[in-house]
Amino acid sequence: MALRFYNTLTQTTEPFSPAQDNTVRMYTCGPTVWNFVHIGNLRTFTSQDILRRWLQYRNYGLQHVMNITDVDDRIIQQAVAAGQSIYDYTDIYTKAFFEDTGKVRLQRPEIVSKATDHINEMVALIQGLAENGCTYESEGSTYFRIAKFPEYGKLAHLHFEGMQSGARVDTDKYEKDDARDFVLWKARKEGEHFWDTPLGPGRPGWHIECSAMAMKYLGETLDIHAGGVDLIFPHHENEIAQSEACTHKPFARFWLHTEHLMVEGETMSKSKGNFYTLRDLFEKGYSPEAVRYLLTSVPYRKQLNFTFDGLRSAATAIERLRNFELRLKTTKFPDGDNPAFDERTAKALAQFEEALDDDLNTAEALGAVFEYIRDANTAIDNGDFKTANRQNADSFLQKFDQVFDVLKPTVSEHALSDADIDALVAERTAAKKAKNFKRSDEIRQTLADQNVILEDTKEGTRWKRK
RNA sequence: GGCGCGGUAGCCAAGUGGUAAGGCAGAGGUCUGCAAAACCUUUAUUCGUCGGUUCGACUCCGAUCCGCGCCUCCA
């Protein structure tokens, strides 16, 4: 079956292909840069990375825009507290974001756009909405009038018929006609960063940046819009309202939402003491690959229970994958070809691709890979794996890694070089030959201290980094 | 209260009408100078509970218990 995704808008799984040409126009809600990225954020971004990679694997071009929210209440508050401008303050966390996500090998979107660089576009969009009679002004702020958009609630599947206007307590500091109305442009407040615009001095509301930037770079209708489940309402619902009320065209064809993660079975929160940034995990000694693997091993639409036990399991699972890769590379196979085994490889690849085509079922894809590895190991043991089978096997493994990207270890800059290791291994082999096991074990230990593991095989000694 | 998601082995988790993938941990074995590493085998008569439909249900229907999320600025 062809590629398909679950669409929050229709609540069904639908076949996917881009609307125009071969390029997927995709927008994902990026970070609010007021702090370091935490593992909850990262789960969403990692799932989007898998989405990116799978679209590319399926030979689609990609035009992916991710925003950086660099102005909002928290940022203003934190910047003031730190005695910095919002630009200086957010710059720190924007850089940290790419540094951190780079470590877990997230691809950088084709376009990264900052909210503060697109004030003009936002103002223009709000003006367009004003022309359509969808806005009103109150105490210097501009609001979107929900009553003008009857389809409001279609993404979150909320029904407001029974709700009385103003029935809810309005906790917002600004004056609104209807509790559901949301602010497009916030009036300037004393001591806050502001922009002078035709809408008056102030700053953008939360939702408008995404509509403005998405449509600027991708056109009025996106193929995919993605984010965390918590953004479905109100953020994405409001994006739809303000975009479609302006263009009268569907804002996005597919809405993909990543479920949240739990930590040790509990919701992650600072008060519970189970709040972790990616940097926290690195400090505890966990590898970027292990984090990446754990985060991707559970399909994106399922809640993921993040545990340290799971993180260790992930690291061991990666070892198994790497061991197979190493075995494939270093073993001398019997000459010839075994068509039956090539068929086995083809089957594994088909299962792998079908799993990811099915709304990115990463768990099933991994199952296909591990099952294959077991069969391949058995075939190698039995001599059923021939020299000519190596190419397809290796190609399958590389295709797997094109998506999951965990095979290559992250090597620190202080680590021994490959040449140093090779030299020590050669010395040990000589020592072993001379039955100088004392020296041989000494070298093994030296390398072990550098996180290099030696394996003695029929074809000699091979090594790997841990 | 409304809407949505989920409860499968010690842990993580796929499957969703034809008789339980995979990973980790555990147990056994192969290999090896010992060791390490690696590899192989094995581990759920059973899928929250109770009913129903069916030749047959983890998979469909009803009820029920439990967990999680959203219902205005949180990925």
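We name chains A, B, ... by the order of the sequence lines, and we start the count at 1 in each one. Note that this is a predicted model, so its numbers are computed, not measured.
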For a quick check, tell me whether the side chain of A/Ser440 and the base of B/rG33 share a donor-acceptor pair closer than 3.5 Å. yes
Looking at A/Lys186, I'd like to know whether one of its side-chain N or O atoms comes within less than 4.0 Å of OP1 or OP2 on B/rC73. no
If the cut-off is 4.0 Å, is A/Asn361 near the phosphate of B/rG15, judged by side-chain N/O to OP1 or OP2? yes
Going by purine N1 to pyrimidine N3 plus the second Watson-Crick contact, or the G-U wobble pair, all under 3.5 Å, which nucleotide sits opposite B/rG10? B/rC24
Face-to-face contact A/Phe370 to B/rG23 six-ring, under 5.5 Å, under 30°: no
I'd like the P distance from B/rC11 over to B/rC47, given in whole Å. 16 Å
Ring stacking, A/His38 with base of B/rA75, under 5.5 Å and under 30°? no
Taking side chain as C-beta onward, heavy atoms only, is A/Asn323 less than 4.5 Å from A/Glu455? yes
So, is A/Arg374 close to the B/rG22 phosphate, meaning a side-chain N or O under 4.0 Å from OP1 or OP2? yes
side-chain contact (heavy atoms from CB on, under 4.5 Å) involving A/Cys29 - partner list, sequence neighbours excluded: A/Tyr27, A/Asn67, A/Cys210, A/His225, A/Leu231, A/His235, A/His236, A/Glu239
To the nearest angstrom, how far is A/Asn305 atom CG from B/rG7 atom P? 13 Å
Is A/Arg320 close enough to B/rC39 that one of its side-chain N or O atoms is under 4.0 Å from OP1 or OP2 there? yes
For A/Tyr93 and A/Asp70, test the side chains for any donor-to-acceptor distance below 3.5 angstrom and give the result as yes or no. no
Rounded interatomic separation in angstrom, taking CZ from A/Arg327 and P from B/rC39: 8 Å
Would you say a side-chain N or O of A/Arg462 is under 4.0 Å from OP1 or OP2 of B/rA37? no
Pick the C1' atom in B/rG26 and in B/rG33, then give their distance to the nearest Å. 30 Å
